[in-house]
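Presented below is the structure to which this report refers.
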Amino acid sequence: MNLLSIFSRNTTANKSQPVKSEAPAHWVKCKSCQSLMYYKEVENQKHVCPKCGYHIRIGVKERIELLADEGTFVEYDSNLKPVDPLNFVDKISYVQRLEEAKLKTGKTSSVVSGECKMNGVSAQIVVFDFAFMGGSLGSVEGEKIVRAVNRAIEKKQGLIILSASGGARMQESTFSLLQMSKTSAALAKLSKHNLLYISVLTDPTMGGVSASFATLGDIIIAEPGALVGFAGQRVIEQTIGSALPDGFQRAEFLLEKGSIDMIVNRNDLKKTLSDLLTLLKVA
């Protein structure tokens with residue numbers, strides 16, 4: 001055997017190289033301070049940047065794990081699915097968009113609703129999933145919120161809604177817009193029964209969601225840096241013809257102007273919610 005061939009063997013010939021999508025993402029880059037962090041470090045901090053405190057967006061699964069006592073979350077109304085009443089088509093059909101969102105998230109709507117315990121305190125909880133069509137509000141999402149209100153009244157529990165949405169779902173047109181009034185009317189019933197409604201605004205909470213139930217809470221909490229508003233800043237500036245203040249529509253600005261009640265770090269959110277449910281419970 002040629003001596004040179006021994007040293008020039010291709011030792012990787014039989015090894016399959018992982019494609020980019022299969023390679024583990026071991027490092028996370030903070031969008032705020034640009035720091036590069038090991039993903040386990042970020043997970044241990046509940047997806048909060050340990051360098052600057054920036055709150056990285058998280059999904060429904062992580063949100064429920066963050067708030068619910070282990071093994072206590074029970075999902076309701078998972079069988080509800082959107083329909084296409086208008087046979088809506090833009091670049092692709094609404095039915096296609098729903099199917100793509102289902103494949104992406106494993107869910108049939110942008111809302112997960114259920115019941116759980118937080119530090120032993122029972123509550124009804126509704127969580128928006130921004131990964132499902134931008135957390136948009138449609139007929140199914142509105143119905144899930146109304147049913148959560150009814151369960152809260154029936155069981156005499158508080159209700160918590162965690163919003164992460166771009167607003168109403170344009171593919172359902174007026175059907176979607178009506179969910180704003182439908183959910184607002186349902187929440188008014190909670191007040192009549194002296195039951196607590198806490199709204200938690202996460203990044204982002206925009207459009208019709210912010211203009212309806214998200215800002216109707218007895219207590220309105222926001223995560224640090226959360227974007228909250230109706231229209232985008234650029235649209236508003238073009239409409240009024242002048243520049244807006246720095247940090248406009250961020251949680252800190254809204255707290256300063258009295259639009260929200262408190263800003264709570266994600267690491268403290270579970271304790272804050274359970275304390276409020278306990279202190280403000282009406283017998």
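Residues: numbered from 1 along the sequence shown. Being a predicted model, the structure only gives us computed values, none of them experimental. Quick note: numbers below take in every heavy atom, side chains included, and nothing from hydrogens, waters or symmetry partners.
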Going by an N to O cut-off under 4.0 Å, is there a salt bridge joining [X] and [Y]?
X	Y	result
D69	K270	yes
K182	E143	yes
K61	D129	no
E223	R63	yes

Does the [X] side chain pair with the main chain of [Y], one donor and one acceptor, at a distance under 3.5 Å?
X	Y	answer
R266	K46	yes
S32	Y54	no
S210	G229	yes
D261	I221	no
S274	K271	yes
D84	F88	yes
E252	G225	yes
T272	D268	yes
S110	F132	no
T239	V235	yes

- Task: Answer with yes or no whether the side chains of R169 and S176 bring together a donor and an acceptor at under 3.5 Å.
- Result: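 Not at all, the side chains of S176 and R169 share no donor-acceptor pair under 3.5 Å.
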- Query: Does a side chain donor of either K155 or S122 reach within less than 3.5 Å of an acceptor in the other side chain?
  - Reply: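 K155 vs S122: no donor-acceptor pair found between side chains.
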Decide yes or no for [X] and [Y]: does some side-chain heavy atom of the first lie under 4.5 Å from some side-chain heavy atom of the second?
X	Y	answer
R151	S113	yes
L277	I160	yes
F248	I236	yes
K51	L36	no
F130	T202	no
I219	L280	yes
L190	V149	yes
R97	I92	yes

Measuring from [X]:[atom1] to [Y]:[atom2], what's the distance to the nearest 0.5 Å?
X	Y	atom1	atom2	answer
R57	K31	CZ	NZ	6.0 Å
S212	I145	OG	CD1	7.5 Å
E141	D77	CD	CG	12.0 Å
L159	Q124	CG	CD	7.5 Å
L201	M206	CG	CE	11.5 Å
M180	L216	CE	CG	9.5 Å

Taking all non-hydrogen atoms of both residues, which atom of [X] and which atom of [Y] are closest, and how far apart?
X	Y	result
L195	D218	O-OD2, 3.7 Å
A168	L177	CB-CD2, 4.1 Å
C30	M37	CB-CE, 3.7 Å
C116	I125	SG-CG2, 4.1 Å
F253	G247	CB-O, 3.3 Å
P85	V83	CD-O, 3.1 Å

Same apolar cluster (I L V M F W Y, side chains within < 4.5 Å links), [X]/[Y]:
X	Y	value
L276	L66	yes
L196	M118	yes
V112	I198	yes
I220	Y197	no
F128	L98	no

- side-chain hydrogen bond (donor to acceptor under 3.5 Å, both in side chains) between Q179 and E172, intermediate numbers included: CA-CA 11 Å; Q179 305 311 308; E172 293 186 19; 5.8 Å; no
- Item | Ring-face cation contact, Y76 with R147, 6.0 Å cut, 45° max |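 R147 over Y76 ring: no.
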- Message: Working note: D90 + Q171, criterion side chain to side chain contact (heavy atoms under 4.5 Å, CB included); need CA distance, chi angles, decisive distance, verdict.
- Response: CA-CA 9 Å; D90 48 278; Q171 289 85 356; 4.1 Å; yes
- Item | Verdict with reasoning, I64 to E75, per side chain to side chain contact (heavy atoms under 4.5 Å, CB included) | CA-CA 11 Å; I64 292 172; E75 184 177 357; over 6 Å; no
With a 6.0 Å cut-off (strictly less than), is the heavy-atom count around [atom1] of [X], excluding the residue itself, greater than 12?
X	atom1	answer
E70	CD	no
K102	NZ	no
F230	CZ	no
D246	CG	no

- Query: Passes side chain to side chain contact (heavy atoms under 4.5 Å, CB included), L86 versus F175? Steps please.
  - Reply: CA-CA 10 Å; L86 305 176; F175 291 94; 3.8 Å; yes
- I would like to know whether V111 and V140 meet side chain to side chain contact (heavy atoms under 4.5 Å, CB included); could you show each step before the answer? CA-CA 8 Å; V111 157; V140 168; over 6 Å; no
- Message: Can you confirm if the aromatic rings of Y38 and W27 lie within a centre distance of less than 6.0 Å?
- Response: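 Distance test on ring centres: under 6.0 Å, yes.
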- Message: Which residue is it: I161, L162, V200? I am looking for the one with a side-chain contact (heavy atoms from CB on, under 4.5 Å) to V126.
- Response: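 Of all the options given, the one that passes is I161.
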